[in-house]
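Throughout, a chain's letter reflects where its sequence line sits, starting with A, and its residues are numbered from 1.
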Amino acid sequence: MELSAKYSPNEIEGKWYSYWLEQRLFESKPDHRKPYTVVIPPPNVTGVLHMGHMLNNTIQDVLVRRARMKGFNACWVPGTDHASIATEAKVVKLLASQGIQKKDLSREDFLKHAWDWKEKYGGIILEQLKKLGSSCDWSRTRFTMEPSLYQAVVDVFVDLYQKGLIYRGTKMVNWDPEGLTTLSDEEVIFREQYDQLYYVKYEGVDFDGSLQVATARPETIAGDVAVCVHPEDERYQNWIGKKVRVPLINREVAIIADDYIDREFGTGVLKVTPAHDIHDYEIGQKFQLPIIDTLTEDGRISEAGARCIGMDRFEARKVWVEDLKAAGLLEKTEDYTHNVGFSERTDAVVEPRISTQWFLDMKKFMEKNPEVLSSVMSDEVRFFPEKLKNTYRHWMENVRDWNISRQLWWGHRIPAWYSPDGEFVVAATAEQAQAEFANKGKSIHVHDLVQDPDVLDTWFSSWLWPISVFDGIGANADRSELDYYYPTQDLVTGPDILFFWVARMIMAGYEFEGKKPFENVYFTGLIRDKQRRKMSKSLGNSPDALELIERFGADAVRMGLLLCAPAGNDILFDESQIEQGRNFCNKIWNAYRLVEMWEPVEVAQRPYEKEAGDWFEKRLNSALAENEHHFGQFRLSDALMNLYKLVWDDFCSVYLEAIKPAYGERISETAWNQARAYFATLVRALHPFMPFITEELHHALHEQKPSAACAVSDYPVVEVQVQNDALDPMAMVSEVRNLRAQKGISPKEALEICIFGDPDLLKGYGHMVSKMANCTAVWNPSDRPTGAASFLVGTLEVLVALGQSLDVEGEKERILQEMNRLKGFLKGVESKLNNEKFVANAQADVVERERQKQSDTLTKLKNLEGQLAALGS
RNA sequence: GGGAGCUUAGCUCAGUUGGUUUAGAGCAUCUGCCUUACAAGCAGAGGGUCGGGGGUUCGAAUCCCUCAGCUCCCA
């Protein structure tokens, strides 16, 4: 069969993915084996595959495939997240483009549209993950809003309410004026913004003169209910307790004093606007001040705002500034840089707003579940990279109550029921709510109960994911699978959802199962472009993930992403990395072509074949041993690089070249079989990283009849503990080749080299060295050749007779330089050895090593002196 | 403003409790090669006073102090 010189991934990837699915190799059922469980971070149901997903899922797939080959019962559970606010925003936008406003729709009609959208686009991303090669158990695909998972969320809410961990309260929350919903603290993204700081004059009522107040938000002046200074601020002592007039509004408000005030900021006078700032709100509470909410829910000026009513808050700011200026009340303006909160989903500027919402009491929760923090700090749950433990602790120690209600329709509806007079109970169903009311002595007809219109924060369902995908939570829990698969082993996710998701899964794990949800968390980096910019739609710097797979092949893309992706490090994406992956696939492919091309013959194994096999076997075993270590530390890019070099350098450039039959000869059957066996081992070691090409070659190398698919074959194990050679024979080969390059001697021209030193140093590799360097070696001849170029390999001295063509002066110069370098080195070594404190204090093996260095260097210097003398001085 | 972390070759990164032949890798670069597996290739080479300064130590990329620059998290 003629094989193309170029590897074509497109022809084989689809074939093997179908094969894996037909053989049901990714499906998992509880059995006698140890489980290895991974739950996918469920992508948004409306999402499409982007670079972040590819990285994340490639890492998961590497871990899962390796575990599967190692004989674990590997179970990778896929699924999607309903993504309440994100999906609702998309549906609203889609409807708007069709001329339909959400407010004109009933809840039922809107949800129908949303489900239609979900049916149409939901799961696209899962199909895309298959293109990447993800070995998920697709028969287990879950969705956070499917009936049983929905029910689990409702049951959990009721349970936590009954335990007193959930409460309904009125406080200042984050309000998204575009999404028209509250947000948790974690959904507010602070970004630095350049603004103006306005110095506004508040005229005295019962004193002459005025106070100057610095504010960035003049449009909220109508909500001012006081001005506040620091009690010890000498500038304002006389005015505390007096009154000023709110500019343009003319309301008289008191001058109060509180040590919250930062005297250095602005003029040291704060306008107190409790409805629109969390700190002002707290001061307002303390001084029992009224609250004047001057904004509407969509961020416009309300009736209470007195001026600019109905105008957008930022438009109103401009008008306010103009009017203040016109009235002579704006005294100065200065540039001002501060952090402004934006909605994670809609990017609208978030408003602090007083509102009645549902909260999870974090303080009580953590008191009840101290393991949530301690398990991470003690490495019961291990974080990779470890530094994120600090971030986690900081968050846990400062976290405020979790606002879990959202003013949306798409999501799990809050199971709270209100009687006509406004009282509420929490219950899973209306009937149970009715019973609850009856217990309280209230007889209410089911039809008169009104369910809370709000839904729950998306993360209030995803925090159950590692439990709920196994149907192990809620009133209808079935523990049979959960007991087998839980706790899961590894979680792979981005650091951006450490608080949103990882922390809360740990919370749910301990609260509902009394156990951690996973053993290890691997945090990937963010994918950035070459200029370190985040990938984003608006910048247009995000490559089309599927198109990359189409162009380069999934294996190449996976490799390109992994090569430079240590845990927690951002990935600077560059297409050249994917090219490197593609080139590697091509290299492997061509290695296969070479091996297949050979026609073995039944003769005794040749010495160079034997030596090359011995050499490669050592490399193979030490690389496999190193990789066990790398995987233990989740150092996937190191493990991959290790295999890359093993295949490209050691296997292809050295081993295959070494056993390659000379022109007109044929490889021995023994060597050929050995080469194919090594190749098959490499293929299996590479499989977790590059599943497609390895599956193809696995079948090819077993002549289409492997005992099992590569995906479920045995992961290569380390055969023997490797004893490193005293001298790498390839160092000798490189030096000879270097000499050829320097002297312009063709590789085709055979050389005779004289080696002085201990022949044992190259023992067992003589034939291989001869073949690779195209030379014959004479050991320790009695006569030194004249006119010889020389070099050192370790302590071995090598001479190559060049006769007339030798540049004697140049050679001398080179030797002198090398001697100088060695003398400097020797000086360093000897100053250590002559230092009594070193010899006395350093560990014995360290001292011994220095002695070895000394003697080796002296040998080298002696050799060089001999060479110099031989050249004539 | 509070906290965490980073700074090693042109680029991206390793560097294990301070000592492993006076710092390693991949990519990029340079030189020579169309050698019948692969030019998506082969062979070879060059390149860093480990951000600056100070200290501890027999010994510092590694520990401490300080200065400068950068990143992330939280408010």
When the ring planes of [X] and [Y] are compared, do they come out parallel, tilted or perpendicular, using 30° and 60° as the limits?
X	Y	value
A:Tyr392	A:Phe383	perpendicular
A:Phe500	A:Trp459	parallel
A:His279	A:Tyr260	parallel

Exercise. Quick one: the side chain of A:Glu657 and the base of B:A37, do they pair up donor-acceptor inside 3.5 Å?
Worked result: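 Indeed there is one.
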For this session: Check whether the side chain of A:Lys832 and the base of B:C58 form a donor-acceptor pair under 3.5 Å.
Result: no
Quick check for you: among [options], whose closest atom lies nearest to any side-chain atom of [X]?
X	options	result
A:Lys660	B:A14, B:C38, B:A37	B:A37
A:Phe499	B:C74, B:A37, B:A43	B:C74
A:Arg849	B:A37, B:U20, B:G26	B:U20
A:Lys860	B:A37, B:A14, B:U21	B:U21
A:Phe838	B:C73, B:C58, B:C38	B:C58
A:Asn339	B:A40, B:A75, B:U21	B:A75
A:Asn583	B:A37, B:A75, B:A40	B:A40
A:Asn390	B:A4, B:C27, B:C42	B:A4
A:Leu572	B:G26, B:C73, B:U12	B:U12
A:Asn590	B:A25, B:C38, B:C42	B:C38

Problem set entry | Whole-Å distance separating the CZ atom of A:Phe523 from the P atom of B:U71 | 22 Å
For this session: Starting from P on B:A37, measure out to CD1 on A:Ile659 and report it in whole angstrom.
Result: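 Spelled out: CD1 on A:Ile659 to P on B:A37 is 13 Å.
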For this session: Considering just the side-chain nitrogens and oxygens of A:Lys587, establish if one lies under 4.0 Å of OP1 or OP2 belonging to B:C42.
Result: yes
Exercise. Think A:Trp395 has a side-chain N or O under 4.0 angstrom from the OP1 or OP2 of B:A75?
Worked result: no
Just name whichever nucleotide pairs with [N], Watson-Crick or G-U, keeping both distances under 3.5 Å, else none.
N	answer
B:G48	none
B:U7	B:A68
B:C33	B:G41

For this session: Would you mind classifying the nucleic acid contact of A:Arg740 as base, sugar-phosphate or nothing, using non-hydrogen atoms under 4.0 angstrom?
Result: nothing
Exercise. Only one of A:Phe584, A:Tyr7, A:Phe692, A:Phe679 clears ring-ring contact (aromatic ring centres under 6.0 Å, His included) with A:Trp589; which?
Worked result: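 So the option named by the test is A:Tyr7.
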